[in-house]
Amino acid sequence: MRIVSSAEPNDLLAGALALAGHGLRVHPNRPGEKSPLRKGWREESTADPKIIDKEWRRQPNANVGVATGGGIFVLDID
């Protein structure tokens, strides 16, 4: 899922926390893009709210990426 970059930083954090609250592992993406900020995103994706809060306070404009797999499928239509 991509949350548009025009969202306020607090909205992006809230979105990441909401997704994590549903058990999805999230990671920060480059602002305005779909690509992860770091190479180790697969291993670093998490549903832990403390880690998510720390990540988005460090990169408040980061888009929200969701680690898929394990039965989660994504259809991305631009």
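Quick caveat: nothing in here was measured; it's all calculated off a predicted structure. As a basis for the values below, the full set of heavy atoms in this structure was taken, side chains included, without hydrogen atoms, waters or symmetry mates.
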Review point. Closest approach of Glu33 and Ser35, non-hydrogen atoms and distance?
Key: OE1-OG, 3.1 Å
Review point. What closest approach, in Å, do Asn63 and Gly32 show between heavy atoms, and which atom pair accounts for it?
Key: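 Scanning both residues, the minimum pair turns out to be ND2-N, 3.3 Å.
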Review point. With Trp56, which of Leu17, Asn61, Leu12, Ile51 fulfils side chain to side chain contact (heavy atoms under 4.5 Å, CB included)?
Key: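 Testing Trp56 for a side chain to side chain contact (heavy atoms under 4.5 Å, CB included) against Leu17, Asn61, Leu12, Ile51 leaves exactly one candidate, Leu12.
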Check your understanding: Taking 4.0 angstrom as the limit, do Arg38 and Glu55 come out as a salt bridge?
Key ->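 Salt bridge between Arg38 and Glu55, a charged N being under 4.0 Å from a carboxylate O: yes.
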Review point. Quick one: CZ on Arg25 to CD on Glu43, what's the gap to the nearest 0.5 Å?
Key: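 With rounding to 0.5 Å, CZ (Arg25) is 9.0 Å from CD (Glu43).
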Practice item. Could you tell me the separation between the CG atom of Leu13 and the CD1 atom of Ile52, rounded to the nearest 0.5 Å? Key: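 Between Leu13 CG and Ile52 CD1, I get 8.5 Å after rounding to 0.5 Å.
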Review point. Sub-3.5 Å donor-acceptor pair from the side chain of Arg30 to the main-chain atoms of Pro36, do we have one?
Key: yes
**Study point:** Expected output: side-chain Asn29 to main-chain Lys34 donor-acceptor under 3.5 Å
**Key:** yes
Exercise for review: Hey, could you give me each pair passing ring-ring contact (aromatic ring centres under 6.0 Å, His included) that has a residue in residues 23-55? Not counting sequence neighbours.
Suggested key: His27-Trp41
**Study point:** Same apolar cluster: Val66 and Leu37, side chain cutoff 4.5 Å
**Key:**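 Looking at the clustering, Leu37 is in a separate group from Val66.
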